[in-house]
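Since the structure comes first, as structure tokens, the remarks are kept for the end.
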Amino acid sequence: MPNIIEITDFSAPELDAFARLTERELLHCCEPATGLFIAESPNVILRALDAGYEPVSMLMERKHVDGQAKEIVARCEGVPVFTAGLPVLTQLTGFPLTRGVLCAMRRRPLPSAEDICKNACRIAVLEDIMNPTNLGAIFRSAAALGMDAVLLTPACCDPLYRRSVRVSMGTVFQIPWAYLGSEPSDWPHPGLERLRNLGFHTAAMALCDDSVSIEDSRLMQEEKLAIVLGTEGDGLCARTIADCDYTVKIPMSHGVDSLNVAAASAVAFYQLAVKRE
């Protein structure tokens with residue numbers, strides 16, 4: 001039977017995950033375990049469940065219990081489902097629930113870069129990308145356009161931040177990802193050495209005098225290629241560019257100098273992915 005709980009007390013601690021805890025507090029709220037994150041919208045929650053993430057509690061509009069969240073509620077038997085009308089939920093959370101359904105879920109221990117890349121041919125490496133919208137969009141493109149894994153430098157924002165998860169449409173649960181170290185000093189070295197030890201050549205996406213076109217045939221001939229992308233404003237750091245095997249540019253027209261990093265990632269992934277039938 002579903003465990004439906006009508007909200008009567010805004011201060012109930014069981015609602016903290018949805019109404020009062022910051023992203024950072026969610027990350028650390030279950031220590032020494034791995035913390036929580038919030039998945040938003042039925043499709044995203046279903047992808048998280050399919051990937052094996054454990055639900056802790058849910059918050060949803062009353063009408064969705066037997067509506068668009070019916071399958072989720074059935075799959076999460078016994079999990080508390082806090083419910084109310086939309087005005088009450090908006091007052092509780094401080095923002096309108098455009099999809100009407102939130103789910104607090106347990107994080108899982110992250111795999112190592114070596115584990116997720118040992119059989120990979122094409123991977124994305126994200127350097128210090130701190131905008132969760134860009135990060136979520138890059139994950140969506142990586143999943144859709146043939147990347148086998150995503151690696152993040154330690155300064156990247158968390159792919160399980162609510163906005164990243166929402167923008168990715170839940171693809172953060174479908175494509176393997178890991179961090180290349182835990183301290184800023186772990187990148188670009190020894191991070192680049194770890195990639196080379198895994199057999200990858202590295203392609204830094206950057207506009208430099210010695211950049212090669214993304215259409216350069218040598219790139220597609222690489223058996224294992226890591227596509228390295230930098231921040232929206234500053235791009236990749238000079239040391240990263242200097243120490244990658246290739247510096248790669250996307251040809252532009254009409255005087256445009258560059259693309260948003262999320263758009264650039266989609267172009268790069270489509271062009272450089274291993275074409276599979």
Side-chain angles (χ1 to χ4, degrees), residues 113-114 116-117 120-131 134-157 159 175-253 256-275:
E114 286 73 15
I116 66 172
C117 292
C121 295
R122 293 291 186 270
I123 64 172
V125 179
L126 310 184
E127 179 185 273
D128 301 355
I129 293 179
M130 293 170 279
N131 183 303
N134 283 336
L135 195 74
I138 292 169
F139 264 88
R140 189 173 181 181
S141 292
L145 299 172
M147 294 298 103
D148 298 312
V150 176
L151 298 180
L152 305 101
T153 65
C156 280
C157 77
I175 186 165
W177 59 274
Y179 283 97
L180 272 168
S182 58
E183 300 295 334
S185 58
D186 291 329
W187 181 265
H189 299 283
L192 286 172
E193 282 73 23
R194 291 176 69 183
L195 294 175
R196 292 194 176 102
N197 289 338
L198 287 165
F200 285 93
H201 284 87
T202 50
M205 301 299 300
L207 297 171
C208 299
D209 291 339
D210 61 348
S211 295
V212 301
S213 170
I214 197 170
E215 298 172 333
D216 192 300
S217 62
R218 292 173 295 175
L219 297 169
M220 285 305 300
Q221 291 169 3
E222 293 288 357
E223 181 180 350
K224 305 183 79 171
L225 188 68
I227 302 165
V228 188
L229 296 138
T231 61
E232 178 73 15
D234 298 330
L236 293 170
C237 76
R239 189 179 178 196
T240 299
I241 296 170
D243 292 345
C244 281
D245 299 301
Y246 299 95
T247 306
V248 180
K249 65 181 178 182
I250 299 170
M252 302 282 168
S253 61
V256 177
D257 61 350
S258 64
L259 296 174
N260 166 279
V261 65
S265 74
V267 174
F269 299 160
Y270 178 79
Q271 175 65 27
L272 299 176
V274 175
K275 301 302 186 280

Is there side-chain contact between [X] and [Y], with at least one heavy-atom pair below 4.5 Å?
{"X": "Asp245", "Y": "Glu222", "value": "no"}
{"X": "Ser141", "Y": "Ile138", "value": "no"}
{"X": "Glu114", "Y": "Leu198", "value": "yes"}
{"X": "Thr202", "Y": "Arg196", "value": "yes"}
{"X": "Ser265", "Y": "Phe139", "value": "no"}

### Task
Would you check, one step at a time, whether the test side chain to side chain contact (heavy atoms under 4.5 Å, CB included) holds for Asp128 with Asp234?
CA-CA 10 Å; Asp128 301 355; Asp234 298 330; over 6 Å; no
### Message
Consider side-chain contact (heavy atoms from CB on, under 4.5 Å). Of Leu219, Asp216, Leu225, which one does Val248 pass it with?
### Response
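The residue from Leu219, Asp216, Leu225 that satisfies side-chain contact (heavy atoms from CB on, under 4.5 Å) with Val248 turns out to be Leu219.
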#### Entry: Single hit among Ile123, Val228, Leu126 for side-chain contact (heavy atoms from CB on, under 4.5 Å) with Leu151
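Exactly one candidate clears the test, Ile123.
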### Message
Quick check: closest heavy atoms across Met147 and Ile175, and the distance to 0.1 Å?
### Response
O-CD1, 3.4 Å
### Message
Could you check whether any side-chain N or O of Ser211 sits under 3.5 Å from a backbone N or O of Ala206, counting only pairs where one atom can act as donor and the other as acceptor?
### Response
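Yes; judged by distance alone, with no hydrogens or angles, the pair exists.
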### Query
Just how far is it from atom CG of Leu145 to atom CZ of Arg122, taken to the nearest 0.5 Å?
13.5 Å
### Message
Could you check whether atom CG of Asp210 has more than 12 heavy atoms from other residues, nucleotides or ligands sitting under 6.0 Å from it?
### Response
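Count over threshold, so yes.
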### Query
Can you tell me if NZ on Lys224 sees more than 12 non-hydrogen neighbours from other groups inside 6.0 Å?
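Result for NZ/Lys224: enclosed.
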